[in-house]
K.L.:
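Got a structure for you, written out below as structure tokens; questions coming shortly.
Both ligands and their constituent atoms are indexed starting at 1 by order of listing. We use all heavy atoms of the structure for the numbers below, so side chains are in, but hydrogens, waters and symmetry mates are not.
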Amino acid sequence: NIMILFGPPGAGKGTHGPKIEDMLAIPQLSTGDMLRAAVAAKTEVGLKAAAVMKAGGLVSDDIVIGIIRDRIREADCKFGFILDGFPRTLVQAKELDKMLSEEGACVTKVVELQVPDEVLEERICGRWIHKKSGRSYHVKYAPPKSMKKDGEGNPIPESMTDDETGEALMQRPDDTASALVKRLAGYHGETVPILKHYAPGGIVSEVNANQGMDGVWGEVLSALKRGG
Ligand code: AP5
Ligand code: ZN
């Protein structure tokens with residue numbers, strides 16, 4: 001089971017990935033989460049990636065390929081894994097194929113979360129995350145239990161805490177309207193072409209991700225059942 005969760009920024013990869021992880025008992029590997037951890041830890045990779053990420057650009061192929069190569073060799077990936085945010089360029093996709101074929105494996109499923117660009121700004125700009133776990137909330141669609149609003153209806157930042165740990169939530173530095181424009185350009189220019197690379201294998205399933213989260217999850221489940 002080696003699956004790719006595919007979709008634009010705000011599509012719901014981070015929302016549904018952890019649920020697939022629980023269901024199939026294979027880890028979700030998010031290059032975005034790994035890079036944010038590297039930025040927070042100020043590692044060499046983190047120092048290189050921080051500015052690019054904040055502006056909404058793509059981190060170099062060499063860096064992310066290196067991160068994934070190391071990660072999929074770990075013991076918990078032996079029975080498969082869910083890729084979130086990788087591959088993002090044709091170079092990354094081909095390199096992934098190569099890494100997997102060395103182990104006699106290949107990508108078995110691509111779940112494409114389809115959402116029109118117009119709805120993504122509201123999703124991205126309303127998102128708050130729990131940094132340590134990667135859990136994401138939304139001021140309107142998935143508010144934390146603790147959320148309180150001020151007189152104008154805006155969430156009070158101090159009231160935004162994680163349901164499970166009670167720790168503070170934060171907003172991502174790249175979750176701005178201007179960085180989103182750049183992220184979307186990268187998605188359509190560099191990432192969408194990857195779908196053509198996987199289509200001949202008949203492993204791509206499209207999901208309508210422009211509906212409530214439960215509806216999306218139902219379609220993800222049927223996509224997974226369709227095999228591959
Ligand atoms: P990454 O972290 O991968 O960001 P992304 O691809 O832009 O995706 P997001 O995390 O924004 O979206 P998501 O689909 O996970 O949305 P979520 O479920 O949280 O990458 C960040 C950066 O790292 C990149 O820009 C790049 O710089 C770098 N990077 C990472 N991987 C790389 C690679 N391979 N190569 C090069 N660079 C790389 O949902 C969003 C919000 O909407 C949440 O608030 C959620 O609650 C809400 N929501 C979800 N579903 C619904 C719904 N159905 N209805 C209403 N609200 C919903
Ligand atoms: Zn994400």
K.L.:
Report yes if some N/O of Thr15 lies less than 3.5 Å from some N/O of ligand 1; otherwise report no.
P.N.:
yes
K.L.:
Could you pull out all residues at least two apart from Glu164 that satisfy salt bridge (charged side-chain N to carboxylate O under 4.0 Å, His left out)?
P.N.:
Arg135
K.L.:
Considering heavy atoms of the protein only, find what lies nearest to atom 10 (O) of ligand 1 and give residue, atom and distance to 0.1 Å.
P.N.:
Arg172 NH1, 2.9 Å
K.L.:
Ignoring hydrogens and angles, tell me if any N or O in the side chain of Lys225 forms a donor-acceptor pair with the backbone of Val220 under 3.5 Å.
P.N.:
no
K.L.:
Consider every N or O of Lys13 and every N or O of ligand 1, then say whether any pair is closer than 3.5 Å.
P.N.:
yes
K.L.:
For residues 9-21, which residue pairs pass the side-chain hydrogen bond (donor to acceptor under 3.5 Å, both in side chains) check, not counting sequence neighbours?
P.N.:
His16-Lys19
K.L.:
Quick one: does Ala11 get a heavy atom under 4.0 Å from ligand 1?
P.N.:
yes
K.L.:
Are any of the N or O atoms of Ser30 closer than 3.5 Å to those of ligand 1?
P.N.:
no
K.L.:
Which atoms from ligand 1 have a heavy atom of Tyr141 less than 4.0 Å away?
P.N.:
55 (C), 56 (N)
K.L.:
Return the CD1 to NZ distance between Ile194 and Lys196, rounded to the nearest 0.5 Å.
P.N.:
12.0 Å
K.L.:
Can you check whether Gln211 has an N/O within less than 3.5 Å of an N/O in ligand 1?
P.N.:
yes
K.L.:
I'd like to check Ile20 versus Trp217 (side-chain heavy atoms, cut-off strictly below 4.5 Å). Are they in contact?
P.N.:
yes
K.L.:
For the hydrophobic clusters of this structure (ILVMFWY residues joined by side-chain heavy atoms under 4.5 Å, transitively), does one cluster hold both Val192 and Val64?
P.N.:
yes
K.L.:
Which of the numbered atoms in ligand 1 are under 4.0 angstrom from any heavy atom belonging to Thr31?
P.N.:
30 (C), 31 (N), 32 (C), 34 (N)
K.L.:
Using side-chain heavy atoms (C-beta onward) and a distance below 4.5 Å, is Val111 in contact with Ile4?
P.N.:
no
K.L.:
Taking only heavy atoms of Ser136 into account, list the atoms of ligand 1 that are under 4.0 Å away from them.
P.N.:
19 (O)
K.L.:
Would you say ligand 1 has an N or O under 3.5 Å from any N or O of Val59?
P.N.:
yes
K.L.:
For ligand 1, which is the ligand I care about here, please tell me if Gly12 has any N or O atom under 3.5 Å from one of the ligand's N or O atoms.
P.N.:
yes
K.L.:
Near Leu35, which atoms of ligand 1 are under 4.0 Å from a heavy atom of that residue?
P.N.:
23 (O), 28 (C), 29 (N), 30 (C), 38 (C)
K.L.:
Please list, in number order, the atoms of ligand 1 under 4.0 Å from a heavy atom of Gln92.
P.N.:
33 (C), 34 (N), 35 (N), 36 (C)
K.L.:
Any non-hydrogen atom of Lys140 lying under 4.0 Å from ligand 1?
P.N.:
no
K.L.:
Compute the shortest N/O to N/O distance between Gly85 and ligand 1 and return yes if it is under 3.5 Å, no if not.
P.N.:
yes
K.L.:
Examine ligand 1 and decide if any of its atoms is less than 4.0 Å from a heavy atom belonging to Gly57.
P.N.:
yes
K.L.:
Can you find an N/O atom of Arg127 closer than 3.5 Å to an N/O atom of ligand 1?
P.N.:
yes
K.L.:
Is there a donor-acceptor pair under 3.5 Å between the side chain of Glu121 and the backbone N or O of Glu118?
P.N.:
no
K.L.:
Considering non-hydrogen atoms of the protein only, which is the closest contact for atom 7 (O) of ligand 1, and what is the distance?
P.N.:
Arg183 NH2, 2.9 Å
K.L.:
Look at the side chain of Arg183 and the backbone N and O of Pro9, then say whether any donor-acceptor pair between them is shorter than 3.5 Å.
P.N.:
no
K.L.:
To the nearest 0.1 Å, how far is atom 33 (C) of ligand 1 from its closest protein heavy atom, and which atom is that?
P.N.:
Arg88 CD, 3.4 Å
K.L.:
Which of the numbered atoms in ligand 1 are below 4.0 angstrom from a heavy atom of Ile124?
P.N.:
11 (O)
K.L.:
Side chains of Glu167 and Lys132: does their closest heavy-atom pair fall under 4.5 Å?
P.N.:
yes
K.L.:
Any idea which atoms of ligand 1 are less than 4.0 Å away from a heavy-atom of Gly14?
P.N.:
13 (P), 15 (O), 18 (O)
K.L.:
What are the two closest non-hydrogen atoms of Gln92 and Arg88, and how far apart are they?
P.N.:
OE1-N, 2.8 Å
K.L.:
Please identify which atoms of ligand 1 are closer than 4.0 Å to at least one heavy atom of Tyr137.
P.N.:
43 (C), 44 (O), 46 (O)
K.L.:
Using distance alone, determine whether Met53 and ligand 1 share an N or O pair under 3.5 Å.
P.N.:
no
